[in-house]
Participant: 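The following block contains the structure, expressed as structure tokens.
Computed from a predicted structure; not experimentally measured. Letters A, B, ... are given to chains in the order of the sequence lines, protein chains preceding strands, and every chain is numbered from 1.
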2 protein chains.
Amino acid sequence: MTASSAPRVRIAEARAHIGQTVEIAGWLYNLRKSGKIVFPIVRDGSGIIQCVGAKADLGDEPFESLKRLTQESSLIVRGVLRADERAVGGVELDVHGFSIVQRVSEEAPYPITPKEHGIEFLMDHRHLWLRSLRQHAVLRVRHEVIRAVRDYFDSNGFTLVDTPVFTPAACEGTTTLFEVDYFDDEKAYLTQSGQLYNEATAMAFGKVYCFGPTFRAEKSKTRRHLTEFWMVEPEMAYATLDDVKQVAEEMVVFVVRRVLENRRADLAVLERDVARLEAVLPPFPKISYDEAVAILQSKGSTIEWGGDLGGGDETILSEMYDRPVMVDRYPSAVKAFYMQPDPERPEVALGVDVLAPEGYGEIIGGGQRVHDLALLEQRIAAHELPREAFEWYLDLRRYGTVPHGGFGMGIERCVSWICGLEHVRETIAFPRMLYRLRP
Amino acid sequence: MTASSAPRVRIAEARAHIGQTVEIAGWLYNLRKSGKIVFPIVRDGSGIIQCVGAKADLGDEPFESLKRLTQESSLIVRGVLRADERAVGGVELDVHGFSIVQRVSEEAPYPITPKEHGIEFLMDHRHLWLRSLRQHAVLRVRHEVIRAVRDYFDSNGFTLVDTPVFTPAACEGTTTLFEVDYFDDEKAYLTQSGQLYNEATAMAFGKVYCFGPTFRAEKSKTRRHLTEFWMVEPEMAYATLDDVKQVAEEMVVFVVRRVLENRRADLAVLERDVARLEAVLPPFPKISYDEAVAILQSKGSTIEWGGDLGGGDETILSEMYDRPVMVDRYPSAVKAFYMQPDPERPEVALGVDVLAPEGYGEIIGGGQRVHDLALLEQRIAAHELPREAFEWYLDLRRYGTVPHGGFGMGIERCVSWICGLEHVRETIAFPRMLYRLRP
């Protein structure tokens, strides 16, 4: 689509074209008027730019048409780019002409206005709400987090091996599984974690990761839960709990640094205190579950040794430090069947959680897996899991088993923390929750 | 896990350590014997290396133990790396010592042996089959394809905005949808395409892509079908069919070049004729559906104008050219409701398919979408789709609609073509098909 012979530029690249006549194709974000001048603010998805249209330049009729243009109408503006340090992005466009692609009706105007809207209204209009500056900033940070995670693993010898969404058996209990009718009355379950499959591929490739959507049919309505969320899960052969902790720390530091390098402007839109992110440097504080329980009890928590940390407990711990804190060696009884017991203290497992600071809580869970065949068989029996469904998983202990481990990081929780949001629902384009399947 | 003070190196990096004493942690891939010398071939997931163990160096008992070691037993070998141009990877290891981590039982040996196995046996043992050289090569190419696709879009101004797996309505018909029990008797369907959502995010970000698993409950058992497959889908605002074709061509060329640059060794393992891939250069041949029908009829196909191309038709066309061929302007009647009609010939749609050469057939489908509100309303009615489920989608035409388009590329079909495979089932770690949900 060309409305003129002027080259089409994206707003994000406008600074490189100062002094040139260009065209910008986008939508009317906002419009100010001042006598014989209008200031349309145009967005094109890459950024926003203030334009300046003078009645004298445009002619009476076009000027009036532009002046009356409605929010989110689509238009192509032509003109000369001019440096202006006061403007967003440091550049403005002097409008010489424009074409309106579609004028939004004045009778049925764009539903999201600068006034305050309730969260349910905004979520019902998520397909439009995504056009706002704030949602842009969050999803750009999300994109950067995902790129950084992939770059970290790709440049550290990990092979991406995506694991299946359709699984025949449950990884951790069945109460939070979504069930699907497969073919001929067979049932499949949507994956909650790629870990068991990762253990197979780690024995093939040494170091692997999977990265995709995972599903939990949890009836909880909290600011940390989605029914569909993305998770990255690395797994390493010949690795111990210490290796898992080291990779988790390196990865988190790498991701936060990349966001600081590339998405400062988005963090500014979100009014994020970047000093809190700049503090995310190694080494992270590392405490044991035992120490965590003692700390929590001293701060008034009702936790007893043996219980899992509650959301409130996580918040207390994660507010104590200026960077993520690692808590390891939880009681085996509260952890999954595949967790390797500490050889020196079998009542605790060689698992670790990483809690993000500022009260954000758990973003990573992982650890070392049981690699001994007899012990794993015993665990499967003790957890009353269907043995035949795990025969392939047991094969990994029959044929060249080695100590191994890995972790999972929830992308939405990570983005929520980095952006400083109150709820994970804004960290994904179309969140899925207990009462939210639309749009 | 350290078996000695020698630095642990990965086989892929062994060349950089020639002359040094190192340790390698892996699995016994194969073992040759010759009198007082054994040649264990060790794999560690990053590559394979031939080791040389002499009875005189190792001592009688360790030598006998190593000589009897079973396939896929896990072990750590120590020794000096030595350049040897005849060896795989150009390097060998002279073994000074080793530790066996787990010896695979001689009574229940590793089930996949160098002899021929049937495909069902191999698929039942997919968790182990992934350790073979050939499966390694395929999945490494897959990783490269995915990286290249992401790098292409990330470096060309596209924002990654992942679309939901759980959807309330069907994008294209309901017969091939997987149904899920959501909460409180609500039904959700697993996504077949992120396109409708992409159209919303393209209006927000200008240029977007989504990349994730998609699902089709097709009862077909062909070499091109999986029930769960990965798809990348870009979408662009202010774009026409020509823009879509250009991006598709650039992306395919970029991906093939990256595989040729970085995965030559894997293509060699697969005995892929790389000359066929080196021919994949722009411009791709571009023909209309009309031309395609004429060609097919001249070659004996029974296709009539108005029908969709069959698998056999695709094969014929895709064998005619040395690079992918683009076929555009299909009859509107065989295409989805959202396809923009050609303004000069409304009976054909502004859609395009890209057929990979050598008989591989369709890897990409896309085109320009209906952007006019009234026309889209009419199409939804004509296709008897539930209007209320599409109100949000119609909103995109009410508030700043613009010409836009995009495409979807199936990763498994693309990898199958690039690797020169006979069936897509080897292009994903754990394929899901009509009668295949395990392991």
Participant: For each of A:M203, A:R103, A:H371, tally heavy-atom pairs with chain B at distances under 4.5 Å, and name the one with the top tally.
Facilitator: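 Heavy-atom pairs under 4.5 Å are most numerous for A:M203.
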Participant: Just so I understand: if I count every heavy-atom pair under 4.5 Å between each of B:A429, B:G47, B:A25, B:G206 and chain A, which residue has the most?
Facilitator: B:A25
Participant: Side chain from CB out, backbone as N, CA, C, O: work out which of these in A:T70 comes under 4.5 Å of a heavy atom of chain B, or both, or neither.
Facilitator: neither
Participant: Of the backbone (N, CA, C, O) and the side chain (C-beta and beyond), which part of B:M433 lies under 4.5 Å from a heavy atom of chain A, both, or neither?
Facilitator: backbone
Participant: Is chain B contacted by the side chain of A:W129, its backbone, both, or neither, given a heavy-atom distance below 4.5 Å?
Facilitator: neither
Participant: Enter the distance from A:F215:CZ to A:R432:CZ here, rounded to the nearest 0.5 Å.
Facilitator: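 It is 11.0 Å, given to the nearest 0.5 Å.
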Participant: For the candidates A:V180, A:V104, A:V165, A:L75, which exhibits the highest count of non-hydrogen atom pairs separated by less than 4.5 Å from chain B?
Facilitator: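 Result: the option with the highest number of such pairs is A:V165.
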Participant: Can a salt bridge be assigned to the pair B:K207 and B:E235 using a cut-off of 4.0 Å between side-chain N and carboxylate O?
Facilitator: no
Participant: Against chain A, label B:R147 side chain, backbone, both or neither, depending on which of its atoms sit under 4.5 Å from a heavy atom there.
Facilitator: side chain
Participant: Between A:Y238 and B:G26, is there a donor-acceptor pair closer than 3.5 Å when you use the side chain of the first and the backbone of the second?
Facilitator: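 At least one qualifying donor-acceptor pair exists.
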Participant: May I ask you to name which of A:G157, A:S132, A:A204 has the most heavy-atom pairs under 4.5 Å with chain B?
Facilitator: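 Counting heavy-atom pairs under 4.5 Å, the top option is A:A204.
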Participant: Say you draw a straight line from CD1 of B:I428 to OG1 of A:T163; how long is it, rounded to the nearest 0.5 Å?
Facilitator: 9.0 Å
Participant: Tell me if a side-chain donor or acceptor on A:Q102 pairs with a main-chain N or O of B:R398 at a distance below 3.5 Å.
Facilitator: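 Yes, the answer is positive, given that a donor and an acceptor are paired below the 3.5 Å cut-off.
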Participant: Quick check on the interface: out of B:A188, B:A217, B:G212, B:S73, who has the most heavy-atom pairs with chain A under 4.5 Å?
Facilitator: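 Most heavy-atom pairs within the cutoff with chain A belong to B:A217.
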Participant: Under a 4.5 Å cutoff for heavy-atom pairs, which residue among A:E186, A:R142, A:Q135 has the most contacts with chain B?
Facilitator: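 Looking at each of A:E186, A:R142, A:Q135 in turn, A:E186 comes out on top.
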Participant: With a 4.5 angstrom heavy-atom cut-off, could you sort out which part of A:Y209 is near chain B: side chain, backbone, both or neither?
Facilitator: side chain
Participant: If you tally heavy-atom pairs under 4.5 Å against chain A, which of B:Q71, B:R131, B:R438, B:E391 wins?
Facilitator: B:R131
Participant: Give a yes or no answer on whether the side chain of A:T214 reaches the backbone of A:F229 with a donor-acceptor pair at less than 3.5 Å.
Facilitator: yes
Participant: Can you tell me which portion of A:L128 sits under 4.5 Å from chain B's heavy atoms? Options are side chain, backbone, both or neither.
Facilitator: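 For A:L128, the contact with chain B is made by the side chain alone.
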Participant: Sort out for me which of B:A237, B:S105, B:P439, B:A202 touches chain A most, counting heavy-atom pairs under 4.5 Å.
Facilitator: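 Highest number of pairs under 4.5 Å: B:P439.
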Participant: Please report the closest heavy-atom contact between B:E144 and B:N262, naming both atoms and the distance.
Facilitator: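 Of all heavy-atom pairs spanning B:E144 and B:N262, the closest is OE2-ND2, 2.8 Å.
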Participant: Between A:Q368 (side chain) and A:Q340 (backbone), is there a donor-acceptor pair under 3.5 Å?
Facilitator: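 Here the side-chain-to-backbone pair does not exist.
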Participant: Are there residues of residues 148-156 of chain A whose heavy atoms fall under 4.5 Å of chain B's heavy atoms? If so, which?
Facilitator: A:R150, A:D154
Participant: Verify whether the ring centers belonging to A:Y110 and A:W27 lie closer than 6.0 Å.
Facilitator: no
Participant: Looking at chain A, which one of B:D162, B:L396, B:D184, B:T201 has the largest number of heavy-atom pairs inside 4.5 Å, strictly under?
Facilitator: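 The residue among B:D162, B:L396, B:D184, B:T201 with the greatest pair count is B:D162.
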Participant: Kindly determine whether A:H136 and A:D266 satisfy side chain to side chain donor-acceptor pair (under 3.5 Å), including the steps that lead there.
Facilitator: CA-CA 8 Å; A:H136 257 218; A:D266 293 310; over 6 Å; no
Participant: Roughly how far apart are A:T159 OG1 and A:F205 CZ, rounded to 0.5 Å?
Facilitator: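 Reported value, rounded in 0.5 Å steps: 5.5 Å.
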Participant: Do you know which of A:W230, A:W392, A:Y399, A:F211 has the most heavy-atom pairs under 4.5 Å to chain B?
Facilitator: A:Y399
Participant: At a 4.5 Å cut-off on heavy atoms, which part of A:P109 comes close to chain B: side chain, backbone, both, or neither?
Facilitator: backbone
Participant: Which residues pass the side-chain hydrogen bond (donor to acceptor under 3.5 Å, both in side chains) test with B:E199, sequence neighbours left out?
Facilitator: B:Q195, B:Y393, B:R397, B:H404
Participant: Could you work out, with side-chain contact (heavy atoms from CB on, under 4.5 Å) as the rule, every residue matching B:E388, not counting sequence neighbours?
Facilitator: B:P386
Participant: If you measure from the Lys or Arg side-chain nitrogens to the Asp or Glu carboxylate oxygens, is any gap between B:E412 and B:R425 under 4.0 Å?
Facilitator: no
Participant: Go through the structure and list residues passing side-chain contact (heavy atoms from CB on, under 4.5 Å) with B:S46, not counting sequence neighbours.
Facilitator: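 side-chain contact (heavy atoms from CB on, under 4.5 Å) check on B:S46 returns B:R10, B:I11, B:A12, B:D44.
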Participant: Under a 4.5 Å cutoff for heavy-atom pairs, which residue among B:L190, B:L28, B:V161, B:D124 has the most contacts with chain A?
Facilitator: B:L190
Participant: Using a strict threshold of under 4.0 Å (side-chain N to carboxylate O), is an ion pair present between A:R43 and A:E72?
Facilitator: yes
Participant: Can you tell which part of A:F430 gets under 4.5 Å to a heavy atom of chain B, answering side chain, backbone, both or neither?
Facilitator: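 Both parts, heavy atoms under 4.5 Å.
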Participant: Identify which part of A:E218 has an atom lying under 4.5 Å from any heavy atom of chain B, answering side chain, backbone, both or neither.
Facilitator: backbone
